[in-house]
Amino acid sequence: MSVLLLNRAQVKSVIRMEDVIREVRNVYRLKSEGMSVIWPLVNYEFTDQHAAMDIRSGYVKGAQLHGLKMLNNFPSNREKGLPPFNGIMMVYDSNTGIPIGILDATYITNMRTGAAGALGVDLLARKDAATLFVLGAGKQAPFQIAATLLLRPGIRKVYVADPPAPENAVRFAEGLPGLLAADFGIDASGVSFEAAADLAPAVGESDAIITVTPSRKPVIRKEWLKKGVHLSCLGSDMESKQEIESAIFQGAGIYADDRAQCIRVGEMELPIKEGVISPEDIAGEIGDLIAGKVPGRRDNEQTTIFDATGLYILDLVTARVAIDRAREAGIGIQADL
């Protein structure tokens, strides 16, 4: 029994954001059609280390793939000269149960999460959206921006904010044109990038907002938002996390990546528990919107929210692209188990 082993650099060398966006869109649709299964999410927080891990797993019947990944986020690793975000994923052929790939999970996770947040913007933001606001200047931010610019070339201004460390946002914004060109092949010469030191006016100017932080208290306030704004919320993936004020959900068009998982650990978890909204207020899953089963935004003044907690089925289809491309290129180690 032989399995392909791919490290982070090898994965990065063989996948493109355009391909990931296509695969993520398709797997959301397959989920809506009952062609996938999301198995229970496992989270654990290492309180002494101020760290966390999660295990995600699932099955894509439409692609005949199943598997799992374990991700670890140990921020203090930076002080030790070690990467803070690490993980391994395993991909199995669902026709035989035989493993076909063991891969670094971090780059695939970043790519598919970027595609997911950007799809929320593309599907739900106003068609004339020109300004994007990204809350968080960490590892995930460039993937969100790259995918959004690919799907929405009309974006002309990008704000980036990192409230705990504003200087990070300044450095990040300054380096974005070069990073987008080097890592994603994107010419962003027609886009301005700016660090948002003052959140309220930058948020108020923005047509689309993407949140990618581990915050446990709301950062984005309802009173700051302009009419017709869209929010893709990706940071809340464990109980009690929250990036946007609960009141923002009132009257909004609300969409989930997985309804049950979002109610349990997503951005909508606390607004539901607080009675601000109920599960009945969820318009549908994003795959239902892609499949045409539910309507999108009502009008140009409605606030829309995409709550994305992260689904391993997205990793599976992205990993398949990496595995196929690596085999074609002769990249990786084919190991007998």
Side-chain angles (χ1 to χ4, degrees), residues 15-41 55-69 89-98 100-101 105 108-109 111-125 147-148 150-152 230 232-234 237 252-268 279-298 304-324:
I15 58 174
R16 299 166 60 248
M17 183 60 83
E18 293 88 341
D19 298 327
V20 177
I21 291 170
R22 183 189 66 247
E23 294 295 327
V24 167
R25 186 192 301 271
N26 185 52
V27 84
Y28 276 144
R29 179 185 57 79
L30 289 173
K31 183 179 188 303
S32 177
E33 295 171 355
M35 298 291 283
S36 70
V37 181
I38 308 298
W39 293 323
L41 171 64
I55 300 171
R56 298 171 186 265
S57 56
Y59 166 44
V60 184
K61 186 175 181 181
Q64 286 305 100
L65 297 170
H66 69 277
L68 61 89
K69 71 174 178 180
M89 62 184 298
M90 295 181 285
V91 182
Y92 293 81
D93 181 338
S94 299
N95 293 301
T96 63
I98 292 174
I100 59 174
I108 284 175
T109 298
M111 288 285 276
R112 64 83 161 156
T113 306
L119 277 168
V121 173
D122 191 42
L123 292 164
L124 291 165
T148 302
L150 286 171
L151 285 171
R152 285 297 190 100
H230 167 73
S232 284
C233 302
L234 295 106
D237 57 0
I254 305 166
Y255 301 81
D257 59 356
D258 180 80
R259 182 186 178 94
Q261 187 164 286
C262 285
I263 290 171
R264 184 167 75 87
V265 299
E267 188 67 34
M268 66 179 69
E280 289 70 35
D281 292 315
I282 302 170
E285 293 189 354
I286 201 74
D288 299 330
L289 180 59
I290 293 169
K293 295 180 179 180
V294 299
R297 72 163 40 248
R298 183 180 62 239
T304 56
I305 301 171
F306 174 39
D307 187 354
T309 50
L311 308 178
Y312 184 65
I313 57 175
L314 310 185
D315 300 80
L316 280 170
V317 294
T318 304
R320 179 182 59 184
V321 173
I323 290 168
D324 290 346

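FYI, side chains are in, hydrogens and waters are out, and symmetry mates aren't considered; it's all heavy atoms of this structure. These numbers were taken from a predicted model, which means no experiment stands behind them.
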Minimal non-hydrogen separation, [X] against [Y], with atom names:
X	Y	value
S232	V121	OG-N, 3.7 Å
A283	V294	O-CG1, 3.5 Å
G58	L316	O-CD1, 3.6 Å
D315	K69	OD2-NZ, 2.8 Å
S32	K293	O-NZ, 2.6 Å
R152	A125	NH2-O, 3.0 Å

Measuring from atom [atom1] of [X] to atom [atom2] of [Y], what distance do you get when rounded to the nearest 0.5 angstrom?
X	Y	atom1	atom2	result
R56	M89	CZ	CE	12.5 Å
L41	Q261	CG	CD	5.0 Å
L124	I254	CG	CD1	11.5 Å
I282	C262	CD1	SG	7.5 Å
T318	R112	OG1	CZ	8.0 Å
L68	Y92	CG	OH	6.5 Å

| task | Applying side-chain contact (heavy atoms from CB on, under 4.5 Å), run through L30 and N26 and close with a yes or a no. | result | CA-CA 6 Å; L30 289 173; N26 185 52; 3.8 Å; yes
Side chains of [X] and [Y], heavy atoms from C-beta outward: is any pair under 4.5 Å?
X	Y	value
Y255	L123	no
R320	L65	yes
P279	R259	yes
I15	M111	yes

| query | Quick one: do D257 and K31 make a salt bridge, cutoff under 4.0 Å? | reply |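 Answer for the salt bridge query: no.
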| request: Kindly assign one of parallel, tilted or perpendicular to the pair Y28 and F306, based on the angle between their ring planes and the thresholds 30° and 60°. | output: perpendicular
| If only atom types and distance count, is the side chain of T309 paired as donor or acceptor with the main-chain N or O of G266 below 3.5 Å? |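 No: the side chain of T309 does not pair with the backbone of G266.
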| task | Show your working on side-chain contact (heavy atoms from CB on, under 4.5 Å) between L151 and L119 and close with a plain yes or no. | result | CA-CA 8 Å; L151 285 171; L119 277 168; 4.0 Å; yes
| field | Test side-chain contact (heavy atoms from CB on, under 4.5 Å) applied to E285 and D258, step by step | value | CA-CA 6 Å; E285 293 189 354; D258 180 80; 4.0 Å; yes
